[in-house]
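Reviewing the structure listed below.
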Protein chains: 2
Amino acid sequence: MTEPDIFRALADPTRRQMLERLSAGERNATELREGLAISQPAVSQHIAVLRGAGLIEERKTGRQMLYRIRPDGLAPVVDWLTRYRAFWPERIDRLKTLLKEMDQ
Amino acid sequence: MTEPDIFRALADPTRRQMLERLSAGERNATELREGLAISQPAVSQHIAVLRGAGLIEERKTGRQMLYRIRPDGLAPVVDWLTRYRAFWPERIDRLKTLLKEMDQ
DNA sequence: GTGATACATAAGTTGATTCTTATGTGTTTT
DNA sequence: AAAACACATAAGAATCAACTTATGTATCAC
């Protein structure tokens with residue numbers, strides 16, 4: 001769950017896709033696999049990487065595991081990004097707009 | 001300079017270190033190498049990856065190349081991150097504070 | 001209890017990444 | 001013009017990441 005782990009975890013498109021799926025809510029491993037042309041163990045291994053990076057957490061329900069995004073997992077990325085804020089002046093505006101919307 | 005390229009480029013600690021160095025201003029390849037226990041070609045190769053991801057740009061000055069962060073290079077990461085904003089409520093506050101500071 | 005289901009772990013293979021040394025191109029110095 | 005410097009590119013070696021098949025553990029359905 002250190003910074004290098006997180007960037008490594010995010011480097012893989014399959015794992016980003018899984019995160020995307022989880023952003024809509026809890027999913028089990030089988031659901032996370034849907035549409036991905038990879039084996040079940042491969043999914044388990046990706047999950048282990050995401051978990052090791054602190055990006056997801058899980059709860060056991062019967063024989064399945066329900067995975068969800070760990071709320072603060074992306075914080076190190078946000079922190080890292082803010083160090084480069086001077087270089088994305090344009091995007092700042094978008095964020096401002098976004099934050100305003102969220103205030104309402 | 002597609003999203004996968006960017007995440008892949010950021011996955012390497014050496015390249016993040018180089019970016020960090022560039023965040024302080026323009027550097028040539030030799031300066032980027034300082035303190036890194038890798039060969040000169042290795043540095044050139046890392047530079048090529050960062051460049052391919054659209055994260056840096058350069059200008060030629062005599063026999064040296066001066067590299068700098070490409071202002072909008074990290075935009076895709078910012079965009080990607082905002083899709084997960086619901087999951088970092090705490091960091092939002094930091095950003096708000098940050099943006100307020102920048103307004104002054 | 002037996003069989004099926006959901007997931008994890010082990011071990012090995014393959015392909016991608018990162019490094020090295022060797023060499024090439026262009027620029028500056030003497 | 002020759003030597004030194006700054007960097008890039010090529011080719012090959014070593015390491016790492018992602019996948020596979022095989023197998024293990026726990027839970028559920030019958």
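Being a predicted model, the structure only gives us computed values, none of them experimental. Letters A, B, ... mirror the listed sequences (proteins, then strands); counts begin at 1.
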Counting any heavy atom closer than 4.0 Å, what does A/R15 reach on the DNA or RNA strands: base, sugar-phosphate only, or nothing? sugar-phosphate
Report which part of the nucleic acid B/A29 touches: base, sugar-phosphate, or nothing (heavy-atom distance under 4.0 Å, all strands). sugar-phosphate
To the nearest 0.5 Å, what is the distance between CD on A/Q64 and CZ on A/R59? 9.5 Å
Rounded to the nearest 0.5 Å, the CZ atom of B/R83 sits from the CG atom of B/D79 at a distance of 8.5 Å
Side-chain donor or acceptor of B/Q40 under 3.5 Å from a matching atom on the base of D/dA8? yes
Per [X] side chain, nearest of listed nucleotides [options]:
X     : options               : value
B/P41 : C/dC19, D/dA8, D/dC7  : D/dA8
A/Q45 : C/dT9, C/dC7, C/dT20  : C/dT9
B/T14 : C/dC19, C/dA8, C/dG26 : C/dC19
B/Y67 : D/dA8, D/dA29, C/dA8  : D/dA8

A/E58/A/R51 ion pair, N-O < 4.0 Å: yes
Taking 4.0 angstrom as the limit, do B/E3 and A/R16 come out as a salt bridge? yes
Whole-Å distance between [N] [atom2] and [X] [atom1]?
X     : N      : atom1 : atom2 : value
B/Q64 : D/dA4  : CD    : C1'   : 14 Å
A/L50 : D/dA18 : CG    : P     : 10 Å
A/H46 : D/dT20 : NE2   : C1'   : 12 Å
B/L66 : D/dC7  : CG    : P     : 8 Å
A/R33 : C/dT5  : CZ    : P     : 14 Å
A/R8  : D/dA18 : CZ    : P     : 7 Å
B/L10 : C/dT17 : CG    : P     : 14 Å
A/E58 : D/dA26 : CD    : C1'   : 15 Å

Closest nucleotide of DNA chain C for A/R63 versus for A/S44: which of these residues is on the 5' side? A/R63
Any side-chain N or O of [X] under 4.0 Å from OP1/OP2 of [N]?
X     : N      : result
B/T30 : D/dC5  : no
A/K60 : D/dA26 : no
B/S39 : C/dC19 : no

Would you sort out whether A/R70 and A/E57 count as a salt bridge (charged side-chain N to carboxylate O under 4.0 Å, His left out), showing the intermediate values? CA-CA 6 Å; A/R70 208 174 71 93; A/E57 55 194 7; 5.0 Å; no
